[in-house]
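Computed from a prediction, not measured in an experiment: that's the story for all the values here. No hydrogens, no waters, no symmetry mates; every other heavy atom, side chains included, goes into these values. Order of the sequence lines sets the chain letters (A, B, ...), proteins ahead of strands, with each chain counted from 1.
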Number of protein chains: 2
Amino acid sequence: MTFVLVVDDEPHIRRTLTINLRARDYEVEAAADGRSALQIIHERTPDVIVLDLGLPDLDGVEVLRRLRQTSRVPVVVLSARHDSDDKVEALDAGADDYVTKPFGMDEFLARIRAAIRRGASDEHDHFVVESEDFVLDFGERQATGGDGGEIRFTPTEWRLLETLAKKPGHLVTHAELLKAAWGPAYGRELNYLRVYANQLRRKIEPDPGAPVHLVTEPGIGYRFFV
Amino acid sequence: MTFVLVVDDEPHIRRTLTINLRARDYEVEAAADGRSALQIIHERTPDVIVLDLGLPDLDGVEVLRRLRQTSRVPVVVLSARHDSDDKVEALDAGADDYVTKPFGMDEFLARIRAAIRRGASDEHDHFVVESEDFVLDFGERQATGGDGGEIRFTPTEWRLLETLAKKPGHLVTHAELLKAAWGPAYGRELNYLRVYANQLRRKIEPDPGAPVHLVTEPGIGYRFFV
DNA sequence: ACGGACCTTGACGCGATCTTGACGGGCGTC
DNA sequence: GACGCCCGTCAAGATCGCGTCAAGGTCCGT
């Protein structure tokens, strides 16, 4: 089921969008302000987010920026403002699309479909990785050790592990990992990677001193083996 | 350099967009009809495509459909029609964004940036060189010997090998190799090359004393044979 | 305000890698 | 045959990248 998050402070709009989306068999959750939106996103990443710019607490663009630190979820921005500068700002902050109120429902739904289609490419969200030493369930965000005990990961550790596990056996460069786990603004903080690679190894490697799952490719990046 | 393809039958629009994009340091190519657009795409995939719907030969939506059978390149559709149905059709055919003429250049450029940002899903060049004695996978940075065992190369060795392997059979001069592997400041450190050519031969030549893959051209440079 | 979980940042040691200089051999020229 | 040029070979020292650790700092919920 495709999961859509609608963020708008006007109850009327929230209601209209929710009803129309539910009628198309989307699973919809609604938030009235930025904080609760970020909260929901943290708990469960939506497949697409509909975001109004004029929010009571945080600015919509600010929500977008924070979101983009950690995620690539498609975001369709909604706004009453026709001002071109606002559009530019939102798009550069990481919005995928910008729809001006008032808008036709058909067009809106088509843009949502387009956004979901794009997002679907890199998120095989519900996949599970199993090995002798651990089971990683990326759909449920849950990990089990070889002895059956739960392994706990921090959000950043999990994001790293996920981008590595998406391409088992393949080289993933430093830059790719930093972008995926910390956001597009990070590119040179190699020490972060060293610290986290270390932490991951302690949790998934039988012998962290001689890693077999998380292998480093000197000067380039890392490689994950199931 | 980011490569943008502009497809529009109106010379005036083509010119305006090309000039504005080039001013932002994009590499731009323009096509006036659908067939030549598909031709260009076939030769070299752009990072983003700007596509007008009203083309003289093929319909824009048709171009989009054919394109989407083979590629996921971001496409920004341009149209004079405000009609909602057209938007829906284009978006469902695979467009990433839909901009209605007339539009502000700032907004247009922001949408282009957004499209490029999404499309940049860091896939590296995936060229592979195979011979009896080894397989070199430059996308994965992985090398296998004739016996199936892994061959390990240091970062500098890879850079050298890559610049040589890009032109199999062709002469590559000392200066080219030094610039590619060590940077533009290096040009006279021939001894580096000797040391590394030596190391490479030990790893890829069946008989390092009589090299067949990495051949030296006295006084000029080296030549790589598959 | 307090405490805990998490993220950031700097320092340090070790091993791999790079740099540098020296030496010897093949080849052509004088 | 002697010399110079260019290349291959080797090994020692310098440097770099990585793993490791621990001390703040930040953000959150209680």
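- Ring centroid separation for the pair B/F134 and B/H213 comes in under the 6.0 Å cut-off.
- Contact check, A/Y222 against D/dG19: a side-chain N or O comes under 4.0 Å of OP1 or OP2.
- Considering only side-chain N and O atoms, A/Y196 lies under 4.0 angstrom from the phosphate OP1 or OP2 of C/dC7.
- Residue B/W182 places at least one side-chain N or O closer than 4.0 Å to OP1 or OP2 of C/dT19.
- Within the structure, a side-chain polar atom (N or O) of B/T154 is placed less than 4.0 Å from OP1 or OP2 of C/dC18.
- Taking the side chain of A/P155 as heavy atoms from C-beta on, and the options C/dT8, C/dC6, D/dT9, the nearest nucleotide is C/dC6.
- In this structure, B/E217 places its CD atom 16 Å from C1' of C/dC27, rounding to the nearest Å.
- Using a 4.0 Å heavy-atom criterion, one finds that B/R152 contacts no nucleic acid atom at all.
- Rounded to whole Å, atom C1' of D/dC16 lies 14 Å from atom CD1 of A/I220.
- In this structure, A/G209 reaches neither bases nor backbone, as no heavy-atom distance under 4.0 Å exists between it and the strands shown.
- When each of C/dG10, D/dC7, D/dC10 is scored by its nearest atom to the side-chain atoms of B/R202, the top-ranked nucleotide is D/dC10.
- Remark: A/Y192 is in phosphate contact with C/dT9, judged by side-chain N or O atoms under 4.0 Å from OP1 or OP2.
- Between the side chain of B/D96 and the backbone N or O of B/V75, at least one donor-acceptor pair lies under 3.5 Å.
- Across the protein-nucleic acid pair, B/N191 atom CG and D/dG8 atom C1' stand 12 Å apart, rounded to whole Å.
- Electrostatic pairing of A/E157 and A/R152 does not count as a salt bridge here, judged by no charged N lying under 4.0 Å from a carboxylate O.
- The distance from atom CG of B/D207 to atom C1' of D/dT9 is 15 Å, rounded to the nearest whole Å.
- For the pair A/L200 CG and C/dC7 P, the interatomic distance rounds to 11 Å; values are reported in whole Å.
- Between B/Q199 atom CD and D/dG8 atom C1' there is a gap of 12 Å when expressed in whole angstrom units.
- Between B/N198 and D/dG8 there is no side-chain N or O to OP1 or OP2 distance below 4.0 Å.
- The phosphate of D/dG19 has neither OP1 nor OP2 within less than 4.0 Å of any side-chain N or O from A/R194.
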| query | Would A/E150 and A/Q142 satisfy side-chain hydrogen bond (donor to acceptor under 3.5 Å, both in side chains), going step by step from the backbone distance to the final call? | reply | CA-CA 8 Å; A/E150 184 187 0; A/Q142 208 170 35; 5.0 Å; no
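- Contact check, A/T216 against D/dC18: no side-chain N or O comes under 4.0 Å of OP1 or OP2.
- Note: B/Y186 and B/Y192 have tilted aromatic rings, judged against thresholds of 30 and 60 degrees for the angle between ring planes.
- Rounded to an integer number of Å, the gap from A/L193 CG to D/dG17 C1' is 13 Å.
- The side chain of B/Y186 lies closest to C/dT19 when the candidates are D/dC10, D/dC21, C/dT19.
- Between the P atom of D/dC7 and the CG atom of B/L177 lies a distance of 12 Å, rounded to the nearest Å.
- Here the closest heavy-atom approach between residue A/F138 and residue A/E162 is recorded as CE2-CA, 3.4 Å.
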